[in-house]
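Notes for the one structure printed next.
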Amino acid sequence: MLLRTVLRVSAGTRVLPFLLGFVLVALGDELTAWVTPAYGLAAAGHASLALPFACAACAAAGAWEGGRLHRGGVFDRSPVRSALAITTPVLLPVALMGGLGMLAALTTAALAGGTADGVPQPGVLAVWAGLLLANTLVGSVVGRVLAPVVAVPLALISSFVLNAYPVAFDTYWPRHLVGGGLSDCCAVDQVLDGRAVAASLAFSGAVCAAAVLLVRRRGGPLALAAALAVTAGGVALGGWTARDLGPEPVRPRSSAALRCDSGQPRVCLWPELGAARSVLVREEVRRTAGALARRGVPVPAVFTMAARPGPGEAGLGVPTDARAPDVTAAVVGGLLPRTPDCARRGDPYPAAAVTGTATAWLTATAASTATTGITGTPERPADGRFTPADSARAAQLLQLPEATQLAWYRDTLDALADCGTLPPPVPHTGATIGGER
Amino acid sequence: MIWWCKARAVPQLVAVLAGTVAAGLLLGDGELPVPALHGQAGHFLLAHVITLLPAVFLLYGLGRGDLRTETVAGRFLRGLDVGLALTLAAAGATCGSLAYAAGQGALALVVARNIAGYLGLALLVHPWIGHRPAAAVLAAVPLVCSAAGWHPDGSPRPWAWPLHPAGSPYALAAVGLLLLAGAGCALFRRHPTTAPHLLTG
């Protein structure tokens, strides 16, 4: 068929405006929220929100094309070309339509994250291509079998359900088969796990192969059994590949990509921050760490943005569009210990009540001037890391002698590190922090 | 009439309606997990999707006959078809009300209202674009509602009538309007299938 004929009559061409409108209008708000700025992989992963809808549209259009081939009686008239050679040019525009829809989603997310000039992410794009092809082929098989008036709605709805449902399961491997966890990718210290991509490609490849078998063999019982076997094999292979993955298809990013400098303390940042912002962040970290060190607070030698700081290093959780207050908050957050595993499991954690006060005290101490060494009540930051009650307690603490404050801080650090130690009371008031609740 | 009944597959249609009402009551509060979209909070129930079935089967029946011959039929086929659709809507509403009165809960009313609404939408759309694209449009309605039909606080938007709870006057008015407009379009768009691209179906 002439290319212009194929494009003119294809169901993909008719559905494309609706798919693009849906992605841009109905999903536009969602695609632009929560994208990690300046990180191309996060934009690609976030755009995967549109994948169930694009796959459903591909399946429905594929069902229409399959129904058209069936109604035309093409395969009853002893064609010269093979069934696959007839079906492929008819289904390619449909898959292309799905690809254009996902491209629109990717562009929207990338523009929101400021990564419009980023390199396309091959893993995510491969997952998308595999799933769109699989949905198109299965849709065309459904359209060949059932009447189009029933096949198109059935393909649309069941494809959507099959692509969106696995995310709700308690076991994690089904969601990786249909690319379900991709929209959680990625924070700036995470990378896509290759096993998730491999699992999805195994599944979509097996489904494509099964559909091709059915198309070539015209649906005899042997072909049906073979197709089912291939699909089951693909599910098993994909499930086995993804068996160890958690709910998100990510792994920590290799720290070889960190850019560290040699100041005091050392600051290691991801390159996504950009040159100008890195300079700003480094200056702020040094200023804050210096202010804390002058007041006697122990400050580690290295601040790093890696997901798992090593011993003697402190984590620095700045966003990629960080400003000065974010850096101060990140330094303070890095000095306090991470929540221990016993608390993540749900055990009682008495020191949780004192985290806000410690954060408020550290923030006020870091903001203190070098000359007077006295600060007022710390202002409440916009993200609510500590409450006004915490600010008041920190102000109380700041009236006390410096040695008392440092002793309280050391005891609080010990209490925050495990579930068994009780937090120290705020001195000279006699009240335990936990007892006020 | 017997020929018309066979062409429209009326017994199967009644069976599908009964099955839909039963399935909606039994399984209808199962939730379909749509991708968790920001700014959306709401439940997408199986009952919002299952209620498509009678309308899709009605469209299937409308397309089964020889469309070209039906344009010159002696009997008023359009009126019979509209009457069939309205009877189905009324039967669904009756079953739903009986189930609600028997204590099945508000879901029965939602199922009945949605069945009637989709039937009205089918009548409205198919004289203009044919019965197959009309079925595709019907199937797209629950998907669009699931993606964009909820406010951030969990209440449905006014135009997303399938999602509204049982007592919502907006949704009842919307369904009534759809049925009226659908009946009007199906009755008064004369010879809807004489457009060449529709006759080849």
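Throughout, a chain's letter reflects where its sequence line sits, starting with A, and its residues are numbered from 1. Side-chain atoms are counted along with the backbone in the values below, which use heavy atoms only and exclude waters and symmetry mates.
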Can you tell me which portion of A:Ala147 sits under 4.5 Å from chain B's heavy atoms? Options are side chain, backbone, both or neither.
side chain

Under a 4.5 Å heavy-atom cut-off, does chain B meet the side chain of A:Val152, its backbone, both or neither?
side chain

Ring centers of A:Trp173, A:Phe203 separated by less than 6.0 Å:
no

If you tally heavy-atom pairs under 4.5 Å between each of A:Leu156, A:Val150, A:Asn163, A:Leu154 and chain B, the highest tally belongs to A:Leu156

I'd like to know which of B:Leu143, B:Val144, B:Val56 tops the heavy-atom pair count under 4.5 Å against chain A.
B:Leu143

A:Ser204, A:Ser140, A:Ser159 screened by side chain to side chain donor-acceptor pair (under 3.5 Å) with A:Asn135, the one that passes
A:Ser159

At a 4.5 Å cut-off on heavy atoms, which part of B:Leu53 comes close to chain A: side chain, backbone, both, or neither?
neither

Could you tell me whether the side chains of A:Ser48 and A:Trp128 share a donor-acceptor contact shorter than 3.5 Å?
yes

B:His48 (side chain) donor-acceptor with B:Cys145 (main chain) under 3.5 angstrom:
no

If you measure only the distance, is there a donor-acceptor pair under 3.5 Å linking the side chains of B:Asp81 and B:Trp4?
yes

